[in-house]
There are 2 protein chains.
Amino acid sequence: MRSSTKKVSRRVGRPRAYDPDAAVGRMTEVFREVGFARASLDEIAQATGMNRPSLYAAFGDKKAMYFRAIDHFSAEMRARVERALADDDLGRSLAGFFAAALELYRAGGDTPPSCLVLCTAPAEAADDADIRARLGQTLAEIDGVFVGRLQRARAAGTLRPDADPEQLGLLLAATLHSVALRARAGQPQAQIDALVAGAVALVLGPRA
Amino acid sequence: MRSSTKKVSRRVGRPRAYDPDAAVGRMTEVFREVGFARASLDEIAQATGMNRPSLYAAFGDKKAMYFRAIDHFSAEMRARVERALADDDLGRSLAGFFAAALELYRAGGDTPPSCLVLCTAPAEAADDADIRARLGQTLAEIDGVFVGRLQRARAAGTLRPDADPEQLGLLLAATLHSVALRARAGQPQAQIDALVAGAVALVLGPRA
DNA sequence: CTTTTTTTGTACTGCTTCGCATAAAATTCT
DNA sequence: AGAATTTTATGCGAAGCAGTACAAAAAAAG
């Protein structure tokens, strides 16, 4: 399909006036700010610079757009915490994880939009089985990340001997859920940092 | 105003066809199930058996109804956990608190509607300063309840000496936030119970 | 240049929504 | 019995909504 000429080979037809990745990013910000029910197609069209028929052609219906935004946000979250998770120092790893998450939660507005999934999906979840399942997957993924990180620390001998990776992993996940809600409510950074510091300290245990 | 006759004295005018308390309860269930943006006045009218002008006359506009529902739900929550909080045994007190909260979160539907505030207010919070403030108040109240309970345990000498009431109180609050989201996502009871048991065990510390 | 294909741009459709207007109904008071 | 008051019942108005129809525009291919 791609030719060797200096111009990129194109299929016939009028060229697109939008960049799909940029459009998804902007759509994500709308959903993150106002949630699924409140977000209108006009609003998304305006944010992306696309007309509504183009939105439907590119992404499907409104719910498909919402799921696309969730995928985008989740990938962004994974990318941001990846480096922290790879840190061998457990305390630094966990603190880095939460710092990276908070950075993402605070990016994008005067009031922190926080987490797209944890702050907007629950409102839809009781009534929409698809969204409820997607929320469940995100919760399970977060559990898995923390429990997995602590099990790695156990295998490397860097987790204190009396600590249970499952128990502490769930508590770290709960901490992230709480951080998301607090950020959305506009709690001051220092207050959220205190919660995070307390949770990490508990995992590490008393200083030897 | 109340006469001594066997009939209750009434002001002039057609009698109300609804019971305000029952109506608030039903309105609360609608908002809890579908959230603020998704709840329509028709739906609330149907659930309460009232016509829309009666709704407006009795409760004000849609947002005032939502806040009324939040007040109602919060009062219900306080009533349900009151007894557990008064228990002098700290472990039993905390376990009882979460059991009572979960009972309320699971009451009312096939899929657990969970917490009205923690599951529906965040979706509106970034865009509506009033709802954001109300969410912040609820988060602060939950913090205060747990920190206060642990400070009481400290004063009574029933909290282990190396425990910090503030730190652990925030973690218990985070646990409640997490419980609400998990219940809303339909997580199995056993999974949520594991999180709660782990948090309570951490607060109590190792068994002597 | 014409044909084909894809995308854009505008308008439309068939609802739904919130809040209000107003007449009728139901009560008490005189 | 009539007047005053409160509530109910029905319908309205203006705006908004998600999804679609279709003509025009913009490109490649022959």
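Keep in mind it's a predicted model, so treat the numbers as computed, not measured. Any value given below was found using the heavy atoms of this structure, including those in side chains, with hydrogens, waters and symmetry copies removed.
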Please give, in whole Å, the distance from [N] [atom2] to [X] [atom1]?
{"X": "M65(B)", "N": "dT17(C)", "atom1": "CE", "atom2": "P", "answer": "14 Å"}
{"X": "Y18(A)", "N": "dA26(D)", "atom1": "OH", "atom2": "P", "answer": "17 Å"}
{"X": "F59(B)", "N": "dC18(C)", "atom1": "CZ", "atom2": "P", "answer": "16 Å"}
{"X": "K63(B)", "N": "dG19(C)", "atom1": "NZ", "atom2": "C1'", "answer": "16 Å"}

Among [options], find the nucleotide with the atom closest to the side chain of [X].
{"X": "R14(A)", "options": "dT8(C), dT27(C), dA29(D)", "result": "dT8(C)"}
{"X": "Y56(A)", "options": "dT20(D), dT27(C), dG19(C)", "result": "dT20(D)"}
{"X": "R16(A)", "options": "dC18(C), dT8(D), dT7(C)", "result": "dT7(C)"}

Would you please name every residue forming a side chain to side chain donor-acceptor pair (under 3.5 Å) with E29(B), sequence neighbours left out?
R32(B)
E82(A): what forms a salt bridge (charged side-chain N to carboxylate O under 4.0 Å, His left out) with it, not counting sequence neighbours?
none
A95(A) meets the side chain to side chain contact (heavy atoms under 4.5 Å, CB included) criterion, sequence neighbours left out, with none
Would you say R132(A)'s side chain and G186(B)'s backbone share a donor-acceptor pair under 3.5 angstrom?
no
Ring pair (Phe, Tyr, Trp, His ring centres under 6.0 Å) pairs, two or more places apart, involving residues 28-53 of chain A
F31(A)-Y66(A), F36(A)-Y66(A)
Please list all pairs meeting ring pair (Phe, Tyr, Trp, His ring centres under 6.0 Å) that have one or both residues in residues 103-143 of chain A, counting only residues at least two apart or in different chains.
none
Members of residues 38-54 of chain A that approach DNA chain D, where some heavy atom sits under 4.0 Å away:
A39(A), S40(A), L41(A), R52(A), P53(A)
